[in-house]
Amino acid sequence: EVQLVESGGGLVQPGGSLRLSCAASGFSVSSKHMSWVRQAPGQGLEWVSVLYRDNITYYADSVKGRFTISRDSSQNTLYLQMSRLRAEDSAVYYCTRDVEIGTYLFFDPWGQGTPVTVSS
Amino acid sequence: DIQMTQSPFSLSASVGDRVTITCRASQTINNYLNWYQQKPGKAPDLLIYSASSLHSGVPSRFSGSGSGTDFALTISSLQPEDFATYYCQQSYNVPRTFGQGTKLEI
């Protein structure tokens, strides 16, 4: 069964750092495109970053230069290193597999999410 | 960035009703459009990809249509478990933008 389990969220002060992890099972993170998507309290979904299987990365403008997406093939885990955190980064962060069928891409499955709160 | 605009923001309906949610892209995205369902406190689930392809395991009462800039998600006969928030999302390019969501309420 394909499954994603996030961890690492919590309370952090503005300007601080946090590293989120996403442990995958049922497939290899190094052979698939992987993304992070976040959802602020009571708000909609916001795409954050993608790591393509060829190691190309992209980021939302709102996190560019502060967040870094990476993976560890030996641990079969995706990461999101977040630094210089701001209050507006507070959200539930979801890890998701970026499925590719021909030229079509979609997110499936999603992890359960890990909450991040940036507050003093 | 491509902006995705859903309408309506919220929708009240009854079990058995036929409902349609629309999604408009700020530029053409061909049929690179996905639909997700999210229930409170849960992660989103994929319903439709490439505008009209039903994801495995999704009931056939869900259907998607459209191409270019205008898209629609239709639920042919609402069931109690369909009351949720629905999001469209473009996969034409990055950033992979989502619509603001449509909350479907009883």
Side-chain angles (χ1 to χ4, degrees), chain A residues 1-7 9 20 22 24 26 32-52 54 56-64 67 69 91-115, chain B residues 1-10 21 23 25 29-58 62 64 66-67 71 73 84-104:
Chain A
E1 181 191 4
V2 173
Q3 192 173 15
L4 298 167
V5 178
E6 301 97 333
S7 60
L20 307 183
C22 171
K32 301 293 183 185
H33 311 319
M34 298 292 295
S35 283
W36 289 95
V37 175
R38 68 184 180 183
Q39 186 169 36
Q43 302 301 308
L45 300 168
E46 180 188 17
W47 173 82
V48 172
S49 179
V50 62
L51 172 58
Y52 288 123
D54 59 1
I56 293 174
T57 60
Y58 290 98
Y59 299 90
D61 285 346
S62 57
V63 307
K64 200 173 296 181
F67 290 12
I69 190 170
V92 174
Y93 284 74
Y94 296 102
C95 160
T96 181
R97 184 178 63 172
D98 215 335
V99 178
E100 185 177 25
I101 295 183
T103 58
Y104 298 103
L105 294 166
F106 51 84
F107 298 134
D108 180 67
W110 298 59
Q112 85 287 355
T114 187
Chain B
D1 297 359
I2 298 174
Q3 306 303 315
M4 306 300 293
T5 304
Q6 287 180 234
S7 62
F9 286 109
S10 65
I21 298 167
C23 177
I29 57 171
N30 296 332
N31 60 340
Y32 291 90
L33 191 283
N34 306 317
W35 289 98
Y36 301 86
Q37 177 194 67
Q38 187 180 33
K39 295 181 179 179
K42 300 294 186 181
D45 288 316
L46 177 70
L47 296 174
I48 303 280
Y49 64 94
S50 68
S52 60
S53 297
L54 195 67
H55 183 48
S56 174
V58 174
F62 291 91
S67 184
F71 303 88
L73 172 70
T85 301
Y86 294 84
Y87 294 92
C88 64
Q89 176 249 331
Q90 63 83 15
S91 60
Y92 184 78
N93 64 12
V94 289
R96 307 266 193 82
T97 41
F98 290 88
Q100 79 280 12
T102 294
K103 187 173 184 179
L104 181 51

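Just so we're on the same page: letters track the sequence lines, and every chain starts at 1.
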(message) Does atom OH (B/Y92) have a neighbourhood of more than 12 heavy atoms from anything else shown, all under 6.0 Å?
(response)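 Open.
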(request) Determine which residues belonging to residues 48-58 of chain B lie within contact range of chain A, meaning some heavy atom pair is under 4.5 Å apart, and list them by number or answer 'none'. (result)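 Within residues 48-58 of chain B, the residues that come under 4.5 Å of chain A (heavy atoms only) are B/Y49, B/S50, B/H55.
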Quick one: what part of [X] sits under 4.5 Å from any heavy atom of chain B, side chain, backbone, both or neither?
{"X": "A/Q43", "value": "backbone"}
{"X": "A/V37", "value": "side chain"}
{"X": "A/Y94", "value": "side chain"}
{"X": "A/Y58", "value": "side chain"}
{"X": "A/T103", "value": "both"}

With heavy-atom distances below 4.5 Å as the criterion, would you say the side chains of [X] and [Y] are in contact?
{"X": "A/Q39", "Y": "B/Q38", "answer": "yes"}
{"X": "B/P44", "Y": "A/L45", "answer": "yes"}
{"X": "B/Y32", "Y": "A/L105", "answer": "no"}
{"X": "A/W47", "Y": "B/Q89", "answer": "no"}
{"X": "B/T97", "Y": "A/E46", "answer": "no"}

(request) Over all heavy atoms of both residues, which pair between B/Y36 and A/F107 is shortest? Give the atoms and the distance, please. (result)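 So the two residues come closest at OH-N, 2.9 Å.
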(message) Tell me the closest heavy-atom pair linking B/A43 and A/W110, and the distance in Å.
(response)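 Taking B/A43 first and A/W110 second, the nearest heavy atoms are CB-CB, 3.8 Å.
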(request) May I ask you to name which of B/G99, B/P95, B/G101, B/G41 has the most heavy-atom pairs under 4.5 Å with chain A? (result)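 That would be B/P95.
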(request) Show the numbers, then the answer: is there a side-chain hydrogen bond (donor to acceptor under 3.5 Å, both in side chains) between B/N34 and A/Y104? (result) CA-CA 9 Å; B/N34 306 317; A/Y104 298 103; over 6 Å; no
(message) Using heavy-atom distances under 4.5 Å, tell me whether B/N30 contacts chain A through its side chain, its backbone, both, or neither.
(response)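 No part of B/N30 comes within 4.5 Å of chain A.
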